[in-house]
Amino acid sequence: MANLKQFLMIPGPTQVPENVALQGAHGMINHRSADFKKVFESVIAGVKELYLTKNDLFIFNSSGTGALEAAVSNIVGPGDKVVGVSIGNFGERFQKIAKAFGGEVIPLDFAWGTAADPKKLKEILDADTKKEIKAVLMTQNETSTGVVNDIKALAEVVRAHGALIVVDAVSGLLAEPLKVDEWGLDIVASGSQKAFMVPPGLGILSVSAKAWKVIETTKRHCYYFDLLQWKKFAPNGETPWTPALSLFFQMDEALKMLRAEGIDKILARHQLLKKAARSAARALGFGLLAEDDKCASPAVTAIVPPAEVDAEALRKLCRTKYGVTLAGGQGKLAGKIFRISHLGYIDQLDIISAFAAIEMAMSELGQKVVLGSSVKAIQEVLLKG
Ligand code: PLP
């Protein structure tokens, strides 16, 4: 039989709770009115609370990449030097954006499946005695490999140098701790379609006082994302251009759920599901791209199937027969791995269902599988809590 229900197990867009989805049907209102100001202020305050920041925060009509472009285009002009720390596909994208705006990018690349080494970053920054490096771009959670960087340690190294710390927290925020103010993170980007449990379309950016000084003196090439425009409108509870009203209503609803749950519990649930997914993958004899549990992502697990199993065939069977949508490999990992998400509105039983489907699909692909072995492994993790 074909499955009636769908299990969306990709690291964004993530599943949307019904009450959040329903807010998308809210009627339109004037975006320059007291009514919108109320929603705007509630959403900005709610996101700032989860960002653990008192910095300015802006919400654009864009996906996460738009927020990254907003970050870069406001601080990087032609010939400006920046370090781009990359541990995967999204780190590479950050480097490409900086190049697109004329930046002279110093790449600091690490093997896919591993985390960035703060010592290597220190070497580059120590050598910059003239302090020409303006900013360091880094990814909190590398979604393509299922690895998290130690942002606290990387930020400490950058703070000692004085460059701006710019973090892509698009898929990591709320899955892995990120203390924006405590760690002195100058610009932090995220998006609605990940741990916020909201459909795609809102790009989020926090900006520190130190970043504003750089923005004000940079020869910038931006218009839609000109942060000085956004800063002008924010005190009136407005955005310079028409906001995605439906998504604001949805974000307001999701924030009520997230604030009620609290950051600690949100982080704990991601950690628990990460443990469950890793334990299940190991029970089936799969490899894990992020071998080290410490830097493994609480948002997504990248799984390396046995050589004789075609990852794409496995994904296809899971989707068509069992309604379980898994993510494929990206960039040079395309066709070599598959990824299972535990980000956002994903529950313990979603993980159990997904692995039950993976087991059946593996069996149908002619692999020897002890049915129930990964499910048992998950149950054991969940029972320990
Ligand atoms: N950065 C990271 C770490 C991501 O995971 C993603 C999306 O998956 C992005 C950036 C880009 O976001 P978007 O696809 O919303 O533009």
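Since the structure is predicted, the reported quantities are computational estimates derived from the model, not experimental observations. Side chains included, hydrogens not; waters and symmetry mates left out as well; all remaining heavy atoms used. As the structure lists them, so they are numbered: ligands from 1, and atoms in each ligand from 1.
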Any chance the side chains of Y51 and S190 put a donor and an acceptor closer than 3.5 Å?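 There is such a pair (donor and acceptor under 3.5 Å, judged by atom type) between the side chains of Y51 and S190.
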
Note to self: Distance alone, cut at 3.5 Å: any donor-acceptor contact between the side chains of H342 and T301?
What the structure shows: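 There is such a pair between these side chains.
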
Which atoms of ligand 1 have any heavy atom of [X] under 4.0 Å away?
X: S63; value: 13 (P), 15 (O), 16 (O)
X: T65; value: 11 (C), 12 (O), 13 (P), 16 (O)
X: S171; value: 3 (C), 5 (O)
X: V170; value: 1 (N), 2 (C), 4 (C), 6 (C), 9 (C), 10 (C)
X: R93; value: 11 (C)
X: N141; value: 3 (C)

Evaluate the ring planes of [X] and [Y], with Trp represented by its six-membered ring, and classify them as parallel (under 30°), tilted (30 to 60°) or perpendicular (over 60°).
X: F249; Y: H26; result: parallel
X: F248; Y: F40; result: parallel
X: Y223; Y: W241; result: parallel

For ligand 1, note which part of D168 has a heavy atom under 4.0 Å away: side chain, backbone, both or neither.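 Within the 4.0 Å criterion, D168 contacts ligand 1 through side-chain atoms alone.
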
*Any idea which part of E142 is under 4.0 Å from ligand 1, heavy-atom wise: side chain, backbone, both or neither?*
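The answer is neither; E142 stays 4.0 Å or more away.
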
- Message: Tell me whether G64 has any N or O atom under 3.5 angstrom from an N or O of ligand 1.
- Response: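 Looking only at distances, the answer is yes, because the N/O contact criterion of under 3.5 Å is met.
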
message: Below 3.5 Å, N or O to N or O, backbone or side chain included: is there any such pair between T139 and ligand 1?
response: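 Min N/O separation from ligand 1 is not below 3.5 Å for T139.
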
Where is the nearest protein heavy atom to [atom]: which residue, which atom, and how far?
atom: atom 8 (O) of ligand 1; result: K194 NZ, 2.6 Å
atom: atom 6 (C) of ligand 1; result: F90 CE2, 3.2 Å
atom: atom 15 (O) of ligand 1; result: Q193 NE2, 2.6 Å
atom: atom 5 (O) of ligand 1; result: T143 OG1, 2.4 Å

- Item | Residues forming a salt bridge (Lys or Arg N to Asp or Glu O under 4.0 Å) with E359, sequence neighbours excluded |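 So E359 forms no salt bridge (Lys or Arg N to Asp or Glu O under 4.0 Å) with any residue.
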
Quiz item: Passes side chain to side chain contact (heavy atoms under 4.5 Å, CB included), E182 versus L52? Steps please.
Solution: CA-CA 8 Å; E182 200 179 309; L52 297 172; over 6 Å; no

Over 12 foreign heavy atoms within 6.0 Å of NZ, K134: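 Atom NZ in K134 is crowded, with more than 12 foreign heavy atoms closer than 6.0 Å.
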
Enumerate the residue pairs fulfilling salt bridge (Lys or Arg N to Asp or Glu O under 4.0 Å) with a member in residues 92-105, sequence neighbours excluded, ordered by first and then second residue.
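Qualifying pairs: none.
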
